[in-house]
Amino acid sequence: MRVAIIGASGRMGRTLITAVSESENCTLGAAIEKEGSSLIGADAGEMAGIGKLGVTIVDSLAACIGDFDVLIDFTMPQLTLKNAELCAAHQKTMVVGTTGLTDDEKAVLYGFAKQTPIMFSANMSVGVNLTLKLLATAASILGDDYDVEVIEAHHRHKVDSPSGTALAMGEVLAKALNRDLKECAVYGREGQTGARTRKEIGFETIRAGDVVGEHSVWFATEGERIEIAHKASSRMTFAKGALRAAYWLADKEAGLYDMQDVLGLK
């Protein structure tokens, strides 16, 4: 399978290129950077620090549309939607790890998935997706007797808050508890907020240093607290999950899938 990586010189892009080079099932078909980048024309492997791969970095997805079977996109919402439109038009599959999409933007992405297979997940980690399953089970058993708080930490460069993974956890928790996250979510607390209500789901965000990604959920009541946590120490876990999803998509019909589908957790 030929894989294209967009945002090739970013932290995730370089990790993805390394993961592809180490994979037995995939080869790097294309590497794309933004127009005007000083890396245009450079070898993608040398840029990633793993030696020559024979794939030159280009400045346009359209320019290399014939060189790949699946695009892996961890960029920004508006760019992701443009890429999805192009992939849909050319029947290219797509793995999307972009976070921060609004409900309207997600609806647009869903529309493109009617034309080509797209796997969209806030987090590609196998461990995180197993954690989501555990959270649903815990919430359904513990119910409204336990306060629920979601705490997440990421590196100082992350631009969206809370993280897509934290929001995905919130959605899973709210569904298991028969709540609407838009109505019960509380994002941070400051000042005289009053006593915590029983049905709110709280979110706290930390941005510092080079933290790859940490998420924990507290279920707390009088006399005890249960914590379910996931900590990522390397972006390679997300890259390997994305490649697993790309390979899984190969024989699928057009539609929108997520990592729960890929891992058979539904």
Side-chain angles (χ1 to χ4, degrees), residues 1-23 26-102 104-106 108-109 111-112 115-116 118-122 124 154-161 163-164 207 209-213 234-236 238-239 242-243 245-246:
M1 176 180 291
R2 301 172 303 163
V3 179
I5 307 297
I6 191 159
S9 70
R11 290 180 294 274
M12 196 65 224
R14 294 194 301 271
T15 304
L16 283 163
I17 290 171
T18 300
V20 170
S21 72
E22 296 174 351
S23 171
C26 305
T27 58
L28 186 66
I32 306 99
E33 256 304 324
K34 61 185 177 181
E35 186 176 353
S37 170
S38 61
L39 293 169
I40 302 303
D43 183 272
E46 289 188 327
M47 180 276 301
I50 57 174
K52 273 186 175 293
L53 292 178
V55 176
T56 300
I57 298 173
V58 298
D59 64 0
S60 166
L61 184 63
C64 59
I65 199 69
D67 297 331
F68 67 91
D69 304 303
V70 57
L71 172 68
I72 299 180
D73 186 329
F74 281 75
T75 59
M76 302 293 287
Q78 286 301 314
L79 178 56
T80 293
L81 294 183
K82 290 181 181 178
N83 296 336
E85 181 177 17
L86 190 61
C87 284
H90 291 271
Q91 298 296 292
K92 302 291 184 177
T93 61
M94 191 173 181
V95 173
V96 177
T98 302
T99 59
L101 276 73
T102 65
D104 288 343
E105 289 168 335
K106 289 177 183 177
V108 174
L109 185 65
F112 293 132
Q115 303 173 56
T116 195
I118 296 177
M119 201 292 294
F120 172 48
S121 180
M124 303 291 178
H154 283 84
H155 54 87
R156 66 190 305 273
H157 301 288
K158 187 168 179 60
V159 298
D160 57 313
S161 175
S163 70
R207 293 288 177 266
D210 61 355
V211 178
V212 174
S234 169
R235 289 182 178 82
M236 187 57 73
F238 310 128
L243 289 184

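Values below: every heavy atom of this structure, side chains too, minus hydrogens, waters and symmetry copies.
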Participant: Could you give the distance from SG (Cys64) to CG (Leu71), rounded to the nearest 0.5 Å?
Facilitator: 8.5 Å
Participant: Once rounded to the nearest 0.5 Å, what's the spacing between atom CD1 of Ile17 and atom CG of Asp43?
Facilitator: 9.0 Å
Participant: To the nearest 0.5 Å, tell me how far Leu61 CG sits from Leu86 CG.
Facilitator: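 Going from the CG atom of Leu61 to the CG atom of Leu86 covers 5.0 Å.
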Participant: Decide yes or no on side chain to side chain contact (heavy atoms under 4.5 Å, CB included) for Thr18 and Met236, but give the supporting numbers first.
Facilitator: CA-CA 9 Å; Thr18 300; Met236 187 57 73; 4.0 Å; yes
Participant: Enumerate the residue pairs fulfilling salt bridge (Lys or Arg N to Asp or Glu O under 4.0 Å) with a member in residues 72-92, sequence neighbours excluded, ordered by first and then second residue.
Facilitator: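 For residues 72-92: none.
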Participant: Minimum heavy-atom separation for Thr99 and Gly164, please, with both atom names.
Facilitator: CG2-CA, 4.1 Å
Participant: Taking Ala89's backbone N and O only, do any of them form a donor-acceptor pair with Thr116's side chain (distance below 3.5 Å, no angle check)?
Facilitator: no
Participant: Working to the nearest 0.5 angstrom, can you tell me the gap between Lys34 NZ and Asp59 CG?
Facilitator: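 It is 12.5 Å, given to the nearest 0.5 Å.
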Participant: Determine, stepwise, if the pair Met47 / Glu33 fulfils side chain to side chain contact (heavy atoms under 4.5 Å, CB included).
Facilitator: CA-CA 12 Å; Met47 180 276 301; Glu33 256 304 324; over 6 Å; no
Participant: Other residues, nucleotides and ligands only: do more than 12 of their heavy atoms fall within 6.0 Å of CE on Met76?
Facilitator: no
Participant: Do Met124 and Met119 pass the side chain to side chain contact (heavy atoms under 4.5 Å, CB included) test, and can you show the C-alpha distance, the side-chain angles, and the key distance before you say yes or no?
Facilitator: CA-CA 10 Å; Met124 303 291 178; Met119 201 292 294; 3.1 Å; yes
Participant: Mind checking what makes side chain to side chain donor-acceptor pair (under 3.5 Å) contact with Gln91, not counting sequence neighbours?
Facilitator: none
Participant: Could you pull out the closest heavy-atom pair between Thr98 and Pro77, with the gap in Å?
Facilitator: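 So the two residues come closest at CG2-N, 3.6 Å.
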Participant: Would you compute the distance between atom CD1 of Ile40 and atom CD1 of Ile32 and round it to the nearest 0.5 angstrom?
Facilitator: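 Going from CD1 on Ile40 over to CD1 on Ile32, the span is 9.5 Å.
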Participant: I need the minimum non-hydrogen distance between Gly100 and Glu105, along with the two atoms involved.
Facilitator: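 Nearest pair, atom of Gly100 first, then Glu105: O-OE1, 4.0 Å.
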Participant: Knowing that exactly one of Ile6, Val96, Val108 qualifies, which makes a side-chain contact (heavy atoms from CB on, under 4.5 Å) with Thr80?
Facilitator: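 Of all the options given, the one that passes is Val96.
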Participant: As a quick check of understanding, evaluate side chain to side chain contact (heavy atoms under 4.5 Å, CB included) for Arg207 and His154, giving each step before the final call.
Facilitator: CA-CA 5 Å; Arg207 293 288 177 266; His154 283 84; 3.5 Å; yes
Participant: Could you pull out the closest heavy-atom pair between Arg2 and Phe68, with the gap in Å?
Facilitator: NH2-O, 3.6 Å
Participant: To check you understand the geometry: which heavy-atom pair defines the closest contact between Gly29 and Val55, and what is its length?
Facilitator: O-CG1, 4.1 Å
Participant: Quick one: does Leu243's side chain get under 4.5 Å of Ile72's, heavy atoms only?
Facilitator: yes
Participant: Enter the distance from Leu53:CG to Glu46:CD here, rounded to the nearest 0.5 Å.
Facilitator: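 Taking CG in Leu53 and CD in Glu46, the distance rounds to 9.0 Å.
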Participant: Restricting to non-hydrogen atoms, name the atom on Thr15 and the atom on Ala239 that form the minimum distance, rounded to 0.1 Å.
Facilitator: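 What the structure gives for the nearest pair is CG2-CB, 3.9 Å.
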